[in-house]
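Let me begin by presenting the structure, written as C-alpha cells, before commenting on it.
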Amino acid sequence: MNKEEKQRLLDLRYLRMARIWAENSYCQRRKVGALVVKDKMIISDGYNGTPSGFENVCEDDNNVTKPYVLHAEANAITKLARSSNNSDGSTLYVTAAPCIECSKLIIQAGIKRVVYGERYRLEDGINLLKRADIEVIYLNPDEHESE
C-alpha cells in the first residue's frame, strides 16, 4: 500500500470518528462533528451546540437554529485556546463542509488540511480555504464503507 492509500484510509477513519462524535450534539436538525488531528493524535474535538452554560436546545419553537449555536469546527478550534495544544499544520476532520465563518477560523488557527464528508449547497467556505492554500478533501465515508 502506498503513502496516498494509507493517508486516505486514515482520513476515512478519522472522518468516521468525527461522525460518531457528532452524535453528542443536542441539535435536532443537523448533527455535525469535528476533530483536529496533529501528528496522528486527536488534539481537539467539537460538535455543534450552544455555548457553555446555555440550555442544550439548538432550535427555537419553529425548528429554526438559534443564532448563538456554535458550529462543530468553531467548538473544536476554540477548545484549543483553552489547552496547551496548537493547531499549526494540523488536519481538521469535519462531517459537513465548513461555512465561511468557520473557514476564517480554520485559516487563522493554522490548520493546513480539511477533510469533510458532506457537501453543502454554499461553497464559499470551501472556496475561501482553497484561496488560503489549505488542502481541502471531500471524502464520503458511505462510499468507502468496506475500507
Side-chain angles (χ1 to χ4, degrees), residues 1-54 56 58-59 65-147:
M1 185 179 303
N2 67 30
K3 189 178 177 184
E4 288 81 23
E5 289 170 328
K6 283 182 182 177
Q7 185 61 56
R8 198 168 71 86
L9 289 175
L10 206 54
D11 288 344
L12 283 167
R13 198 168 296 136
Y14 283 123
L15 215 43
R16 285 194 298 269
M17 292 166 80
R19 219 184 236 181
I20 290 167
W21 198 245
E23 294 172 15
N24 289 316
S25 174
Y26 288 93
C27 297
Q28 299 302 308
R29 290 182 57 222
R30 190 169 198 208
K31 296 178 183 295
V32 179
L35 298 175
V36 180
V37 176
K38 187 173 181 177
D39 301 324
K40 295 185 181 178
M41 288 189 331
I42 297 169
I43 60 169
S44 191
D45 54 60
Y47 50 86
N48 56 328
T50 56
S52 299
F54 282 62
N56 287 321
C58 298
E59 295 84 12
T65 300
K66 294 178 179 178
Y68 52 83
V69 168
L70 290 155
H71 289 186
E73 307 94 312
N75 268 326
I77 291 168
T78 55
K79 196 178 203 181
L80 279 165
R82 299 175 83 174
S83 77
S84 59
N85 291 314
N86 82 65
S87 50
D88 278 341
S90 64
T91 299
L92 173 75
Y93 294 91
V94 61
T95 58
C99 70
I100 193 144
E101 293 301 319
C102 287
S103 292
K104 292 179 205 175
L105 293 174
I106 291 165
I107 293 164
Q108 291 301 96
I111 293 168
K112 293 299 173 203
R113 288 179 79 234
V114 174
V115 180
Y116 68 102
E118 192 180 306
R119 288 191 167 98
Y120 187 62
R121 61 183 168 80
L122 299 175
E123 298 233 331
D124 49 351
I126 296 296
N127 293 336
L128 185 65
L129 292 172
K130 289 177 180 175
R131 183 174 169 198
D133 290 325
I134 291 173
E135 183 182 358
V136 180
I137 300 164
Y138 166 71
L139 196 58
N140 187 333
D142 293 334
E143 295 169 5
H144 305 276
E145 278 189 33
S146 61
E147 297 179 50

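Hydrogens, waters and symmetry mates are skipped; everything else that's a heavy atom, side chains included, is used. All residue numbers in this chain count up from 1 along the given sequence. Nothing here was measured: the structure is a model prediction, and the numbers come from that model.
Judged purely by atom type and a 3.5 angstrom limit, T95 has no side-chain atom pairing as donor or acceptor with the backbone of R19. At distances below 3.5 Å, at least one donor-acceptor pair connects side-chain atoms of S44 with backbone N or O atoms of A76. In terms of modelled atom types and a separation under 3.5 Å, the side chain of D39 and the main chain of M41 share no donor-acceptor contact. A donor-acceptor pair under 3.5 Å is formed between the side chain of E59 and the backbone N or O of Q28. Within the 3.5 Å criterion, the main-chain N or O of K40 finds a donor-acceptor partner in the side chain of Y14. No donor-acceptor distance shorter than 3.5 angstrom exists from the side chain of E73 to the backbone of V94, with no hydrogens or angles considered. Here the side chain of N85 pairs no donor or acceptor atom with the backbone of L80 at under 3.5 angstrom.
S90 meets the side chain to side chain contact (heavy atoms under 4.5 Å, CB included) test with V36, K38, S87, I111; sequence neighbours excluded. Take F54 and apply the ring-ring contact (aromatic ring centres under 6.0 Å, His included) test, not counting sequence neighbours, and it matches Y68. Not a single disulfide (SG to SG under 2.5 Å) links C99 to another residue, sequence neighbours left out. For C58, the disulfide (SG to SG under 2.5 Å) partners two or more places apart in sequence, or in a different chain, are C27.
Each salt bridge (Lys or Arg N to Asp or Glu O under 4.0 Å) pair with one or both residues in residues 74-92, not counting sequence neighbours, appears once here: D45-K79. The stretch residues 103-122 participates, sequence neighbours left out, in these salt bridge (Lys or Arg N to Asp or Glu O under 4.0 Å) pairs: D11-R113, R30-E118, E101-K104, R113-E135.
Contact check for T50 versus Y26: no side-chain heavy atoms found under the 4.5 Å cut-off. Side-chain contact between R13 and L10: present, with at least one pair of heavy atoms (C-beta onward) separated by less than 4.5 Å. A 4.5 Å side-chain heavy-atom check between H71 and L105 finds every atom pair outside the cut-off.
Rounding to the nearest 0.5 Å gives a distance of 4.0 Å between CG of L139 and CG of L12. Here L70 contributes atom CG and Y47 contributes atom OH; the two are 11.5 Å apart, rounded to the nearest 0.5 Å. Expressed to the nearest 0.5 Å, how far CE of M17 lies from CD1 of I20 amounts to 7.5 Å. Atom CG of N127 is separated from atom CD1 of I100 by 8.5 Å, given to the nearest 0.5 angstrom.
In plain terms, the two heavy atoms of A74 and C102 that are nearest each other are N-SG, 4.1 Å. Closest approach of G125 to S103, counting heavy atoms only: O-OG, 2.9 Å. Considering all non-hydrogen atoms of both residues, L35 and A18 come closest at CD1-N, 3.7 Å.
No more than 12 heavy atoms of other residues, nucleotides or ligands sit less than 6.0 Å from atom CD of Q108.
For the side-chain hydrogen bond (donor to acceptor under 3.5 Å, both in side chains) test with S25, the passing option among N75, N48, N56 is N48; the others fail. Remark: of the listed residues V37, L92, T91, T91 is the sole one forming a side chain to side chain contact (heavy atoms under 4.5 Å, CB included) with V115.
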